Amino acid sequence: MLDRYTSMQVFVQAASRGSLSAAGRELNMSPAMATKHVDSLETRLGTKLLHRTTRQLSLTDAGRGYLQACQRILQDLEEAESEVSSQQHQAMGRLRLNAPLSFGTRFIAPLIPEFTHRYPLVEVDLGLSDTQQDLLKESWDLIVRIGHLADSDLRARPAVSAIARCDFVPRLSI
């Protein structure tokens, strides 16, 4: 069984270009493979979609209705993929950050307006607390602490190397 998505693409291209060979060229496949895709669709649907001769290709009544449905489906799929893909390249959502009161007030809070201007789809939730926080229990995405880390399953990363990778923090110096 051939891929329905590809078969629908071949059918739409063949209908718009008037040729299975042209559809195959457009989709980087041989004319024989393009023909197999349309044959597969017609077999699955139990009806002819195209009238074919050696020189001409035309849609049947069933083919006209199926063409409109295929165009709609392919367009919807393309839009869905584009939307999901753009979300992968665009920061969005809620960032929950916790820092010590004095450090967060002096160094982190002033950076939030610039960050949210640059990434408008990110909502920053800044918690300021000098007490020990449980990253998982309290659902923090990032906790900043100053000092030595007690033995635990937590991992520490030096702030200087982490900050150096952030392109939105040009004026922070510790």
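Computation of the quantities below employed the complete heavy-atom set of this structure, encompassing side-chain atoms and omitting hydrogens, waters and symmetry-equivalent molecules. Sequential numbering from 1 along the given sequence is applied to the chain's residues. For clarity, every value in this text was computed on a predicted model and none was experimentally measured.
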Scan the side chains in residues 21-34 for donor-acceptor partners under 3.5 Å anywhere in the protein, sequence neighbours excluded, and list what turns up.
unit_1 : atom_1 : unit_2 : atom_2 : d
Glu26  : OE1    : Arg17  : NH2    : 2.9
Ser30  : OG     : Met33  : N      : 3.0

Side-chain heavy-atom pair [X], [Y] within 4.5 angstrom cut-off:
X	Y	result
Leu57	Ser19	no
Tyr5	Leu74	yes
Ser40	Arg44	yes
Thr47	Thr60	no

Check: Taking the side chain from Asn98 and the backbone from Ile143, do they hold a donor-acceptor pair closer than 3.5 Å?
Finding: no
Margin query: Please check this pair: side chain of Ser7 against backbone of Val38, looking for a donor-acceptor N/O pair closer than 3.5 Å.
Written below: no
Margin query: With salt bridge (charged side-chain N to carboxylate O under 4.0 Å, His left out) as the rule and sequence neighbours excluded, what pairs involving residues 92-102 come up?
Written below: Arg94-Glu123, Arg96-Asp125
Item checked: Pairs meeting criterion salt bridge (charged side-chain N to carboxylate O under 4.0 Å, His left out) with involvement of residues 52-62, two or more places apart -> Asp39-Arg52, Glu42-Arg52, Asp61-Arg64
Notebook entry, point to check: For Gln75, which residues count as a side chain to side chain contact (heavy atoms under 4.5 Å, CB included) partner, sequence neighbours excluded?
Noted result: Glu79
Check: How close do Ile112 and Leu126 get, heavy atom to heavy atom, and via which atoms?
Finding: CD1-CD2, 3.6 Å
Next item on the list: Please report the closest heavy-atom contact between Met92 and Val122, naming both atoms and the distance.
Entry: N-CG2, 3.7 Å
From [atom1] ([X]) to [atom2] ([Y]), nearest 0.5 Å:
X	Y	atom1	atom2	value
His37	Leu20	NE2	CG	11.0 Å
Leu67	Arg72	CG	CZ	10.5 Å
Leu50	Leu59	CG	CG	6.0 Å
Ile108	Leu97	CD1	CG	5.0 Å

Next item on the list: Any pair with a residue in residues 43-69 that passes ring-ring contact (aromatic ring centres under 6.0 Å, His included), sequence neighbours left out, goes on the list, sorted by first then second residue, please.
Entry: Phe11-Tyr66
Notebook entry, point to check: What pairs of residues pass the side-chain hydrogen bond (donor to acceptor under 3.5 Å, both in side chains) test when at least one of them lies in residues 101-111, not counting sequence neighbours?
Noted result: none
